[in-house]
*Asks:* 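Okay, here's the structure, questions in a sec.
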Amino acid sequence: MQIYNTLSKRKEPFRTVEPGKVGIYLCGPTVYDKAHIGHMVGPVIFDCIKRYLTYCGYDVSWVVNITDVDDKLIAKANERGITMLEVAEENIADYNENLTALGVDQIDHFPRATECMDEIIAIIASLVEQGFAYESEGDVYFDVGKDGEYGKLSNRRVDAMQGDGGGAAARKRGLADFALWKSAKPDEPSWESPWGKGRPGWHIECSAMSKKILGETFDIHGGGLDLVFPHHENEIAQSECCHQRPMVTYWAHNGLLRASSAAGKVGGRGERETDAADEGGKMSRSKGAGGLADLIASQGGERIRFFLLRTHYRSTVLFNEPAIEEAGTGLESFYRFFKRYERVTGNSIFELDLPKTRVEGEIDAGSNELLADVVELRNKFLAAMDDDFNTGGAIGELFELARRLNKYCDDNDLEASGQPSDQVEPFVRGAATLRELAAVLGIFTQEQTTSGGDELLGQVMQLVIDLRTEARANKNFATADAIRDGIGPLGIVLEDRAGGTDWSGGEDNALDGVMQLLIQLRQTARAEKDFATSDTIRDRLAEAGVTLEDRPGGTEWSRG
RNA sequence: GGCGCCGUGGCCAAGUGGCUAAGGCAUCGGAUUGCAAAUCCGACAUCGGCGGUUCGAAUCCGCCCGGCGCCUCCA
């Protein structure tokens, strides 16, 4: 296994500080506002990283911090007339909901800056004592000039750094010095310290919290590429000057998302003048990015997760809704396969017992051709993940695996009843492998909740299907096709199979649309004096609790 | 100005020295179907441009063109 390290700018073999154990720290949000999708990139990829390392047998501890004290939180609280804590609570709740929706459930520790004040003050005090930091009018600053290695992560030299030192320039010895502790103004939230009432600077809490939970040296530190400088540069400076030893073995930074209104659209090249302002620009709260909750509601968390994982985590991702929908189209083919699995075996694929580790999942293919292919695809998947967590490449293998299993189904006619178990068994084993690997990516972890699940629509659809089946049996294809065509615009698709007809889809207005179709079919039947059919429609609907009322202007339906 | 990233088929995207350049979406054929849908089979790129290193490069080096990021809060 190898991991790209921002510090060395190359992939390095993975070695843990402690045998068998991995400590991961990911910079989480500053909770002054709602999250946007860009905030989810890190959590999603690190969720996979933890899943994968665990799968490979490591004992992983993953920390995501919450920065709940900061200038922006204070400003927001004043603006809204509530406390800083209330602002934080609100946005933490939002953040957690987003994580849950995207299937991020591997985080072990969620420390908050305000709960680690003792540790923060202890580190600052130690830095002052060792001469790496100095107090100035109630503030404490890190003396960048005292750190000979400053700039090693972001590849910068102190003397090449511009900057005017910000508003506190007068209190600093060097313009690049940064605040470890800020003295409190009269009405601001504050904590007692050796330097008077105040609050921590932005970077110090990560040094304190990572030390508290993971130790002075831990394995992987993650965050967005935009945090390399100054945030992580300053973290290294603080921690390493304080402890005199490396802070982190691997610095892993994810690429940033960019908003794009055009990417993903077919034929969108070169024609149109766009407002460059909202085209391709980096996402950020200050530019009004947001609406993650809405996005999740319209697209679904798993689609978004899958969309993010299709691209390698270090790449920039051009993000827009059509692109997510396209990813969703690919996802659906897996769910169709899962239904097929159920038709073949009679069991849900979600009830399979899955291998929990890489070793457990190994397969002895023997002379079985299907299993030989499964083994090969599984190995390719693992090789991709071993190479800097290449989830995009790994997903490609998942598609291949699904195709191979579908082909096996076709070739052996597995959907026909009574197929010999020695043919079904390898298929089940292959399907289990598909889910085993998908679980590493945190997808297909549970059965899709049939959205909304209007029971009545299901009953009505069964009636529609029965009517159509009868029409087909009578070779009345005109009626059969009229039904399919009438239902198509509602987003409902019919699939005829040996065992019967399946339906799927259905937009919000589908129920009324289907009812209108039935009413029309009934009208046609009555016009043709086919009263058996028209009565069947009325009776079956009555069973489902629907009343039809024939009026001069037409027929109306209502739920009884 | 300093530091850095990227440019692979219509779109998205793996691959970073060596078999016929993964996969997804879209499109076009074929099998299958009463017709469809789904599924399977097949078609579809020589890797921004030029030059260099090498037996051999999309993959390494140089230059050029074109996108983008950081240097200020930011995942």
Side-chain angles (χ1 to χ4, degrees), chain A residues 6 9 11 26-30 32 35-46 64 70-72 151 154-157 159-164 166 202 222-231 253-258 262-269 280-287 289 306-307 310-312 314-318 322-323 325-333 336-337 339-340 380 384 387 390-400 402-404 406-411 415 472 475-478 480-481 484-485 488 493-497 501-505:
Chain A
T6 307
K9 295 186 184 304
K11 289 179 190 171
L26 175 70
C27 280
T30 300
Y32 66 90
H36 66 251
I37 187 174
H39 293 110
M40 295 294 117
V41 178
V44 167
I45 179 62
F46 276 90
V64 176
D70 149 282
D71 292 352
K72 286 207 172 118
S154 57
N155 195 23
R156 279 157 219 255
R157 293 166 40 153
D159 57 12
M161 277 186 284
Q162 302 177 349
D164 57 7
W202 177 37
L225 214 43
D226 53 349
L227 294 184
V228 174
F229 185 90
H231 188 55
H253 291 100
N254 58 267
L256 305 178
L257 240 45
R258 289 199 296 134
K265 274 185 192 165
V266 181
R269 176 187 274 191
K282 178 183 156 188
M283 308 209 56
S284 68
R285 284 163 168 165
S286 57
K287 287 183 186 167
F306 188 70
F307 168 77
R310 288 198 315 168
T311 306
H312 185 93
R314 279 190 283 112
S315 305
T316 300
V317 176
L318 284 172
E325 276 160 22
E326 186 193 304
T329 303
L331 262 187
E332 281 162 22
S333 68
R336 279 192 296 268
F337 171 72
K339 282 187 185 168
R340 190 175 199 186
K380 283 182 165 177
D387 184 9
N390 183 357
T391 55
I395 283 173
E397 306 308 329
L398 244 35
F399 275 104
E400 287 276 287
R403 183 180 58 75
R404 184 66 184 88
N406 265 319
K407 183 170 166 50
Y408 183 82
C409 253
D410 284 359
D411 291 349
E415 287 191 58
R472 290 174 70 214
K475 302 272 189 237
N476 182 0
F477 295 122
D481 289 348
R484 189 204 297 287
D485 295 344
V493 179
L494 296 177
E495 298 180 34
D496 296 325
R497 299 210 162 73
T501 301
D502 280 354
W503 70 278
S504 59

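Because only heavy atoms are used, hydrogens play no part in the values below, and waters and symmetry mates are left out as well, while side chains stay in. Below, read A as the first sequence line, B as the second, and so on, with proteins coming before strands; counting in each chain starts at 1.
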*Asks:* If only side-chain N and O atoms of Ser154(A) are considered, is one of them under 4.0 Å from the OP1 or OP2 phosphate oxygen of C70(B)?
*Replies:*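 So the side-chain polar atoms of Ser154(A) never come under 4.0 Å of the phosphate oxygens OP1 or OP2 of C70(B).
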
*Asks:* Expressed as a whole number of Å, how far does the C1' atom of U46(B) sit from that of G15(B)?
*Replies:* 14 Å

*Asks:* Which whole-number value in Å describes the distance from Leu225(A) CG to C71(B) P?
*Replies:* 11 Å

*Asks:* Would you list the protein and nucleotides 34-40 of chain B atom pairs, both N or O, that sit under 3.5 Å from each other?
*Replies:*
| unit_1 | atom_1 | unit_2 | atom_2 | d |
| --- | --- | --- | --- | --- |
| G34(B) | O6 | Arg468(A) | NH2 | 3.3 |
| G34(B) | O6 | Arg472(A) | NE | 3.1 |
| G34(B) | N1 | Asp481(A) | OD1 | 2.9 |
| G34(B) | N2 | Asp481(A) | OD1 | 2.9 |
| G34(B) | N2 | Asp481(A) | OD2 | 2.5 |
| C35(B) | O2 | Asp481(A) | OD1 | 3.3 |
| C35(B) | N3 | Arg484(A) | NH2 | 2.6 |
| C35(B) | N4 | Arg484(A) | NH2 | 3.4 |
| C35(B) | N4 | Asp496(A) | OD2 | 2.8 |
| A36(B) | N6 | Asp496(A) | O | 3.3 |
| A36(B) | N1 | Asp496(A) | N | 2.8 |
| A36(B) | N3 | Arg484(A) | NH1 | 2.8 |
| A36(B) | N3 | Arg484(A) | NH2 | 2.9 |
| A38(B) | O3' | Arg336(A) | NE | 2.9 |
| U39(B) | OP1 | Arg336(A) | NE | 3.4 |
| U39(B) | OP1 | Arg336(A) | NH2 | 3.3 |
| U39(B) | O3' | Asn406(A) | ND2 | 3.4 |
| U39(B) | O2' | Arg340(A) | NH1 | 3.3 |
| U39(B) | O2' | Asp410(A) | OD1 | 3.3 |
| U39(B) | O2' | Asp410(A) | OD2 | 2.6 |
| C40(B) | O4' | Asp410(A) | OD2 | 2.9 |

*Asks:* Heavy atoms under 4.0 Å, any strand shown: does Ser315(A) hit a base, just sugar-phosphate, or nothing?
*Replies:* sugar-phosphate

*Asks:* Which value, in whole Å, describes the distance between the P atoms of nucleotides A58(B) and U16(B)?
*Replies:* 13 Å

*Asks:* Take the protein atom CZ of Arg258(A) and the nucleotide atom P of G69(B), then report the distance between them rounded to whole Å.
*Replies:*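 Between P of G69(B) and CZ of Arg258(A): 6 Å.
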
*Asks:* Looking only at the side chain of His39(A) (C-beta and beyond, no hydrogens), which of the listed nucleotides A14(B), G15(B), A75(B) gets closest?
*Replies:* A75(B)

*Asks:* Return whichever of Ala327(A) or Lys9(A) has its heavy-atom-nearest nucleotide of RNA chain B closer to the 5' end.
*Replies:*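 Residue closer to the 5' terminus by nearest nucleotide: Lys9(A).
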
*Asks:* Classify the nucleic acid contact of Gly28(A) as base, sugar-phosphate or nothing, counting any heavy atom under 4.0 Å across all strands shown.
*Replies:*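 Gly28(A): backbone/sugar contact only, no base atoms under 4.0 Å.
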
*Asks:* Does a side-chain N-to-carboxylate-O contact under 4.0 Å join Lys339(A) and Glu495(A)?
*Replies:* no

*Asks:* Heavy atoms from C-beta onward define the side chain here; which of A13(B), G2(B), C25(B) lies closest to that of Arg156(A)?
*Replies:*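 The answer is G2(B).
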
*Asks:* If you measure from the P atom in C11(B) to the same atom in U27(B), how many Å do you get, rounded?
*Replies:* 15 Å

*Asks:* If you look at every strand shown and take non-hydrogen atoms under 4.0 Å, does Gly223(A) touch a base, only sugar-phosphate, or nothing?
*Replies:* sugar-phosphate

*Asks:* If you check every side-chain atom of Glu400(A), which of G23(B), A26(B), A75(B) has the closest atom?
*Replies:* G23(B)

*Asks:* Using the C1' atom on both, measure C47(B) against G9(B) and round to a whole Å.
*Replies:*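 Rounded to whole Å, the distance is 10 Å.
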
*Asks:* Kindly check if the number of other-residue, nucleotide or ligand heavy atoms within 6.0 Å of NZ (Lys11(A)) is above 12?
*Replies:*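 For Lys11(A), atom NZ is crowded (more than 12 foreign heavy atoms under 6.0 Å).
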
*Asks:* Under a 3.5 Å cut-off for both distances, is C70(B) Watson-Crick or wobble paired, and to whom?
*Replies:*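 When the pairing criteria are applied, G2(B) turns out to be the nucleotide that pairs with C70(B).
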
*Asks:* Ignoring backbone atoms, test whether Asn155(A) places a side-chain nitrogen or oxygen under 4.0 Å from the OP1 or OP2 oxygen of G4(B).
*Replies:* yes

*Asks:* Let's go through Lys9(A) and Asn155(A) carefully: what are the C-alpha distance in whole Å and the side-chain angles of both, what is the deciding distance for side chain to side chain contact (heavy atoms under 4.5 Å, CB included) to 0.1 Å, and is it a yes or a no?
*Replies:* CA-CA 10 Å; Lys9(A) 295 186 184 304; Asn155(A) 195 23; 4.3 Å; yes

*Asks:* Using both distances under 3.5 Å as the test, list the Watson-Crick or G-U wobble partner of C50(B), or none.
*Replies:* G62(B)

*Asks:* Which residue, Arg310(A) or Thr329(A), contacts RNA chain B at a nucleotide closer to its 5' end, judged by nearest heavy atom?
*Replies:*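 Going by which nucleotide is closer to the 5' end, it is Arg310(A).
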
*Asks:* How long is the line joining CZ of Phe307(A) and C1' of C11(B), in whole Å?
*Replies:*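 So the two atoms are 12 Å apart, to the nearest Å.
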
*Asks:* Any heavy-atom pair between the side chains of Asp226(A) and Leu256(A) that's under 4.5 Å?
*Replies:*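 Touching, per the 4.5 Å side-chain cut-off.
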
*Asks:* Please measure how far the P atom in G49(B) lies from the corresponding atom in G10(B), and state the result in whole Å.
*Replies:* 13 Å

*Asks:* Which base sits across from C25(B) as a Watson-Crick or G-U pair, both distances under 3.5 Å?
*Replies:*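 Here C25(B) is engaged in a pair, and the nucleotide opposite it is G10(B).
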
*Asks:* When the C1' atoms of G29(B) and A21(B) are considered, how many whole Å apart are they?
*Replies:*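 Going atom to atom, C1' in each nucleotide, I get 23 Å.
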
*Asks:* Starting from P on G69(B), measure out to CZ on Arg314(A) and report it in whole angstrom.
*Replies:*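 To the nearest whole Å, that distance equals 19 Å.
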
*Asks:* For C19(B), give the paired nucleotide (Watson-Crick: N1-N3 plus N6-O4 or O6-N4; G-U: N1-O2 and O6-N3; both under 3.5 Å), or none.
*Replies:*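 Paired with C19(B), as far as the under-3.5 Å criterion goes, is no nucleotide at all.
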
*Asks:* What heavy-atom pair brings Gly393(A) and Ala384(A) nearest, and what distance separates the two atoms?
*Replies:* C-CB, 4.1 Å

*Asks:* Give me the distance, rounded to whole Å, that separates A22(B) from U54(B) when you measure between the C1' atoms they each carry.
*Replies:*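 Between the two C1' atoms, the distance is 26 Å.
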
*Asks:* Report yes or no: does Ser333(A) contribute a side-chain atom to a donor-acceptor pair with the main-chain N or O of Thr329(A) at less than 3.5 Å?
*Replies:*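 Judged by distance alone, no pair lies under 3.5 Å.
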
*Asks:* Side chain of Glu397(A), heavy atoms from C-beta onward: which of A75(B), A22(B), G4(B) has the nearest atom to it?
*Replies:*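 Closest nucleotide among those given: A22(B).
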
*Asks:* Which atom pair, heavy atoms only, marks the closest approach of Ala323(A) to Arg310(A)?
*Replies:* O-NH2, 4.2 Å

*Asks:* Do Asp496(A) and Arg472(A) sit within salt-bridge range, that is, some charged N less than 4.0 Å from a carboxylate O?
*Replies:* yes

*Asks:* Which of the following nucleotides, C71(B), A14(B), A75(B), is nearest to the side chain of His312(A)?
*Replies:* A14(B)

*Asks:* Considering non-hydrogen atoms only, spot the tightest contact between Leu494(A) and Arg484(A) and give its length.
*Replies:* O-NH1, 3.4 Å

*Asks:* State the pairing partner of G34(B); accept Watson-Crick or G-U wobble contacts with both distances under 3.5 Å, and report none otherwise.
*Replies:*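 Across all strands, not a single nucleotide pairs with G34(B).
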
*Asks:* Could you tell me the Watson-Crick or G-U partner of A57(B), where both distances fall under 3.5 Å? Say none if there is no partner.
*Replies:*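 By the stated definition (distances under 3.5 Å), nothing pairs with A57(B).
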
*Asks:* Taking G18(B) as the reference, what is the distance to A38(B) when you measure between their C1' atoms (whole Å, please)?
*Replies:*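 Roughly 40 Å separates the two C1' atoms.
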
*Asks:* I need the CZ-P distance between Phe229(A) and C5(B), as an integer number of Å.
*Replies:* 17 Å

*Asks:* Tell me: CG of Leu398(A) to P of G23(B), nearest whole Å?
*Replies:* 14 Å

*Asks:* Within a strict 4.5 Å, meaning less than it, do heavy atoms of the Asn406(A) and Arg336(A) side chains meet?
*Replies:*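 They are not in contact (no side-chain heavy atoms under 4.5 Å apart), so the answer is no.
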
*Asks:* Spell out yes or no: do the side chain of Glu326(A) and the base of G24(B) have one donor N/O and one acceptor N/O closer than 3.5 Å?
*Replies:* yes

*Asks:* Mind calculating the distance between CG (Leu257(A)) and P (A75(B)) to the nearest angstrom?
*Replies:* 13 Å

*Asks:* Which whole-number value in Å describes the distance from Phe399(A) CZ to A14(B) C1'?
*Replies:*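 Value for this atom pair: 13 Å.
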
